[in-house]
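Here is the structure we will look at, set down as structure tokens.
So that the names make sense, note that chain A is the first sequence line, chain B the second, and so on, each numbered from 1. Below, each value reflects all heavy atoms present in this structure, side chains not excepted, and no hydrogens, waters or symmetry copies.
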Amino acid sequence: DTAVSQTPKYLVTQMGNDKSIKCEQNLGHDTMYWYKQDSKKFLKIMFSYNNKELIINETVPNRFSPKSPDKAHLNLHINSLELGDSAVYFCASSHWSLYGYTFGSGTRLTVV
Amino acid sequence: DAKTTQPPSMDCAEGRAANLPCNHSTISGNEYVYWYRQIHSQGPQYIIHGLKNNETNEMASLIITEDRKSSTLILPHATLRDTAVYYCIVRVEGSGGSNYKLTFGKGTLLTVNP
């Protein structure tokens, strides 16, 4: 069983469209994250949710809206996609006070 | 979180030990040292972490100097599949909010050669 699964794995879309990326974890973790890795390979945190509550929002444009229906899911919705949104997006999860994040395999978003 | 400094790249021969250094001279007493790696096109993978004592698991060993200002990740018998970017991160433990974020630097690209 995949611990942290993201769908889709690849996403190609036109500028201006709205898209969503889904993430699910079956580890029983209570904290989930979205990271963005750009073309220069820097990994930057975007959001973090603990038990469905937003705890980290790293000055991400409000076109990005995370949604956590329950503590096993953290979805990322992006409105009005721009060329600069092209990147690999990673979902991760952890337990609130323990070590070790578990990352998903990433979603490669290409905006054309 | 304290900043870390790592060499941008290193090479290692297959079967030999790979020793990856990390400087974290401004580390605080309650900050742990974490190591993650990212194999090409995959999500980062947790390797090991420690506070003061040396640690070992099935993947690697972590050696932390007595003053805690630097550490070394050791892969005892590197294989071609260990080629990856290795990230050294220092972070507080057991607190909430923004202290929980894992901040990645540039890391070290380790290339294991046949």
Problem - Closest contact, heavy atoms only, Arg68(B) versus His24(B) - result: O-ND1, 2.8 Å

Practice task
For residues Leu27(A) and Ser93(A), report the shortest heavy-atom separation together with the two atoms involved.
Solution key: CD1-OG, 3.8 Å

Practice task
Indicate whether any N or O donor in one side chain lies under 3.5 Å from an N or O acceptor in the other, for Thr4(B) and Tyr87(B).
Solution key: no

Exercise for the section: Under 4.5 Å between side-chain heavy atoms, chaining through other members, with only Ile, Leu, Val, Met, Phe, Trp and Tyr counted: pull out the rest of the cluster around Val111(A), sorted by chain and number. Expected result: Leu11(A), Met15(A), Ile21(A), Met32(A), Trp34(A), Met46(A), Phe47(A), Tyr49(A), Leu54(A), Val60(A), Phe64(A), Leu74(A), Leu76(A), Ile78(A), Leu81(A), Leu83(A), Tyr89(A), Leu109(A)

Completion exercise
In terms of heavy-atom pairs under 4.5 Å with chain B, the winner among Val4(A), Asn57(A), Leu43(A) is Leu43(A)

Practice task
Against chain A, work out which of Gly43(B), Pro44(B), Gly105(B), Gly107(B) has the most heavy-atom pairs shorter than 4.5 Å and name it.
Solution key: Pro44(B)

Problem - chain B contact via Gln6(A) - which portion, at a heavy-atom distance below 4.5 Å - result: neither

